[in-house]
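Since the structure comes first, as structure tokens, the remarks are kept for the end.
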Amino acid sequence: MIIEKIKWVIANSVENLYPGISIQIDLEIPPEGFGDFSTTIPLKLAKILKKPPIKIAEEILQNIKSDIFQSIQISKPGYLNFLLSLDTYKEFLVSLEKDKEKYFYKKPNDKKVQIEFVSANPTGPLHVGNGRGGIIGDVLANLLKTQGFEVEKEYYVNDAGSKIDSFAESIFYYYLLDCDIKTNFPEDGYKGDYIKDIAKKIFNESGKRFSKMVKKNAIEQIKEVGKNFMINDIKLSLEAFGINFDSWFYETTLYKNEEIQKTLNIFKNTPYTYTSDNAIWFKSTSFGDDKDRVLVRGSGEPTYTLTDATYHRNKWERGFHKVIDIWGADHFGHITPMKALIQGMGLPKDFLDIIIYQIVHLFEDGKEVMMSKHTGSFVTLDELIEEVGKDAARIFFLLKSADTHLNFDVNLAKSRTIENPVYYMQYTFARLTNIFKEGIKRGIKYEGIARAESLKLNKEERNILNSLIFVEELLNKVSNDYSVSKIPFATLELAQKINAFYQKHKVLQAGKLTQQRLALVNTSLITLSLLFDVMGIKKIEKM
RNA sequence: GCGCCUAUAGCUCAAUUGGAUAGAGCAACGGACUUCGGAUCCGUUGGCUGCGGGUUCGAAUCCUGCUAGGCGCGCCA
């Protein structure tokens, strides 16, 4: 791992020169003309050491002893710019070719991580907003796997509580209409066509049977049918979007085995609960919340707050070292209470990370499409995937960082699918694979980089190699800050460099350089393949 | 009212978390190849980083006061 080595060399030098100072080594690909890689470490140290950055850069430079570099230079305010030696590039090509995608994988670190995402209530089909959370979670899971984590993807099914009740009552209302019985539409009911479809389906299968039962029992049974229907529908949508969950966790299971009662007992044994107005309260203000939260209602029923605490306690007991929840911005207000609950139960504060992604706004014909399950007006994820295709839709979501608002222009997505960058990536991949095919036709055999003699690199080749090497740092960075949108950007940049090279230099008619260039093509394909896998998009050899 | 998110080229977005000349794609204009895929490449035009102050060697990024849009502020989930 070249990046790791470079960082190690710099860190070592810093440690020798300034004992006791610990600092994170940063590496970046500098603007053209400033070397292959660079670091701002002297600038950062300048603050701590209160010394001019150029002076520090000089000291570090003097102290570094390594044959990784061809040369090291200092520039303006205090950058260190590194030029890699040809042997380093050769060594990189050899190991990447040998280990293939695994080159970028870290050894297992025995840390179990759970990512919980989508988790939309099973009261309606997934809409495009759910797609955004889905992509972030799915890609993050793929990424963390490369970094040695054992990752589990979980969907939390809120199949208890008032939402699902109102869902069942809504179906029942339409079912009764099918039986020619007119009742009052339930308050906060759901009006989408899919509700009517489920009602019709039940009517067609069971006739008027439920209309003759005690209402409560009828609704209870209809709830089961409707719920299962919706969950199945959601599973199909996710599958079409390329997302597979390892685990489906049902909220109702928390109500079994007195799990909620156990959680309540834990809280009661802390100084953080009290009773007021017949309700049991959690003193979340002790953990920075702006008001306390009810755990058990005056009626004796647990609140969502208590079941969610129970759910997270359950995660802890399943042995995860880290749990990541991905929520839409409409759940923002729940972050502080949730983190307070974690601490209130005595779990480590950093056990839970929460990623918030901003709401998706849909625009059609220049007008915003209001999305609501209650009114039944929204664009489903299925419709989107059908219009633009799975890979294009995935990249469309992935390209926006989670904390920016996403304005989704439906017309644009429908009419300009060709302009989606995913095609550029896939095209690049297809072109490269074609070089090998063409080589076979012409009787040119690739013998492997290990047998090639010393390298001779032009500017374009060096650019590609630097990007390939830097993927190591990209993955590392994203695993720390969860900024999955960096992956498609880096992939596009790599593809751009590859195309620039492709345009300017021939591979199969390069004489003595042909083998070296085939090695570059081969390792580029390996790296693209890894990036495509992390993003969950298809590798296409023929477009 | 309070908390958080956002505001960057005509449009959609970046900017390695305080670093080099703020970069890409689309759009517009001008170029490039008789043999590995033109769904490509190269170049030009386009910026008071929403507005005003401050912090320092250095600010799109930090602090502060505004403006505009969004999300939230239940014994709902």
Side-chain angles (χ1 to χ4, degrees), chain A residues 26-34 38 40 43-44 46-47 52-53 75-79 81 119 121 123 158 160-164 166 188 251 276-281 290-291 293-305 307-308 328-336 356-359 361 396 399-407 409 412 416 418-421 423-424 426-428 430-439 441-442 444 470 473-474 477-478 481 483 485-486 489-490 492-493 496 498-510 514 517-518 521 542-543:
Chain A
D26 67 294
L27 270 188
E28 56 191 88
I29 296 181
E32 207 175 319
F34 292 101
S38 69
T40 59
L43 292 160
K44 303 245 156 72
K47 242 175 260 171
S75 68
K76 273 193 276 177
Y79 289 91
N81 299 324
S119 301
N121 287 341
T123 55
N158 290 104
S162 62
K163 302 268 186 206
I164 194 89
S166 143
D188 291 328
E251 184 184 357
S276 169
D277 295 332
N278 275 333
I280 301 173
W281 293 74
D290 53 2
K291 68 187 94 165
R293 308 283 163 171
V294 172
L295 293 176
V296 182
R297 285 181 260 256
S299 64
E301 288 171 28
T303 59
Y304 165 77
T305 308
T307 47
D308 232 19
D330 52 339
H331 291 81
F332 175 81
H334 194 51
I335 295 177
T336 312
I356 291 289
Y357 64 90
Q358 294 299 315
I359 295 296
H361 293 278
F396 199 100
L399 274 167
K400 269 87 187 172
S401 82
D403 54 11
T404 64
H405 305 257
L406 200 162
N407 291 332
D409 186 328
L412 197 77
R416 295 167 63 187
I418 292 303
E419 287 169 18
N420 190 304
Y423 298 103
Y424 184 80
Q426 289 174 326
Y427 175 69
T428 308
R431 281 181 131 177
L432 290 188
T433 56
N434 204 51
I435 292 178
F436 279 106
K437 285 184 195 159
E438 187 63 26
K441 272 190 214 161
R442 299 186 194 182
I444 297 169
F470 204 66
E473 177 69 357
L474 170 77
K477 202 162 272 175
V478 176
D481 65 8
S483 56
S485 67
K486 289 194 179 106
F489 280 110
L492 283 170
E493 203 180 303
Q496 197 277 325
I498 290 170
N499 284 319
F501 163 78
Y502 185 97
Q503 199 73 19
K504 202 166 169 185
H505 308 284
K506 294 292 174 196
V507 173
L508 296 175
Q509 300 116 287
T514 289
R517 289 190 178 163
L518 282 170
V521 170
K542 226 185 218 157
M543 298 195 63

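What you see below is based on every heavy atom in this structure, not just the backbone, and it leaves out hydrogens, waters and symmetry mates. Since this is a predicted model, take the numbers as computed values, not measurements.
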For a quick check of understanding: with a heavy-atom distance under 4.0 Å over all strands, which category does [X] fall into, base, sugar-phosphate or nothing?
| X | answer |
| --- | --- |
| A/Glu438 | sugar-phosphate |
| A/Lys400 | sugar-phosphate |
| A/Tyr502 | base |
| A/His334 | nothing |
| A/Asp481 | base |
| A/Ser75 | base |
| A/Ala279 | base |
| A/Asp277 | base |
| A/Arg442 | sugar-phosphate |
| A/Ala329 | sugar-phosphate |
| A/Asn499 | sugar-phosphate |
| A/Lys76 | sugar-phosphate |
| A/Ser401 | sugar-phosphate |

Counting only side-chain heavy atoms from C-beta out, which of [options] sits nearest to [X]?
| X | options | result |
| --- | --- | --- |
| A/Glu28 | B/rC71, B/rU40, B/rA20 | B/rA20 |
| A/His405 | B/rU6, B/rC41, B/rA39 | B/rU6 |
| A/Asp330 | B/rC4, B/rA77, B/rG72 | B/rG72 |
| A/Lys506 | B/rG37, B/rC36, B/rC4 | B/rC36 |
| A/Ile435 | B/rC36, B/rU40, B/rU6 | B/rC36 |
| A/Asn81 | B/rA20, B/rC41, B/rU6 | B/rA20 |
| A/Pro30 | B/rA20, B/rA39, B/rC36 | B/rA20 |
| A/Lys486 | B/rU17, B/rA77, B/rG74 | B/rU17 |

Using the [atom1] atoms only, state how far [M] lies from [N], rounded to an integer number of Å.
| N | M | atom1 | value |
| --- | --- | --- | --- |
| B/rC11 | B/rC51 | C1' | 23 Å |
| B/rU56 | B/rA68 | P | 32 Å |
| B/rU49 | B/rU40 | C1' | 32 Å |
| B/rG65 | B/rU55 | C1' | 15 Å |
| B/rA9 | B/rU45 | C1' | 11 Å |
| B/rC71 | B/rC75 | C1' | 23 Å |
| B/rU21 | B/rG47 | C1' | 13 Å |
| B/rG69 | B/rA59 | C1' | 25 Å |

Is it the case that [X] and [Y] place a side-chain donor and acceptor less than 3.5 Å from each other?
| X | Y | value |
| --- | --- | --- |
| A/Asp481 | A/Ser483 | yes |
| A/Asn81 | A/Ser75 | yes |
| A/Ser119 | A/Asn158 | no |

Let's test your reading of the pairing rules: Watson-Crick or G-U wobble, both distances under 3.5 Å, then write RNA chain B as a dot-bracket string with ( ), [ ], | and dots.
(((((((..((((.....[...)))).(((((.......))))).....(((((..]....))))))))))))....
Rounded distance (Å) that lies between atom P of B/rG70 and atom CG of A/Asn407
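The distance from CG of A/Asn407 to P of B/rG70 comes to 11 Å, rounded to the nearest Å.
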Would you say [X] reaches [N]'s phosphate, i.e. side-chain N/O to OP1/OP2 under 4.0 Å?
| X | N | value |
| --- | --- | --- |
| A/Gln496 | B/rA14 | no |
| A/Lys437 | B/rG37 | no |
| A/Lys47 | B/rC57 | no |
| A/Arg293 | B/rG74 | no |
| A/Tyr423 | B/rC26 | no |

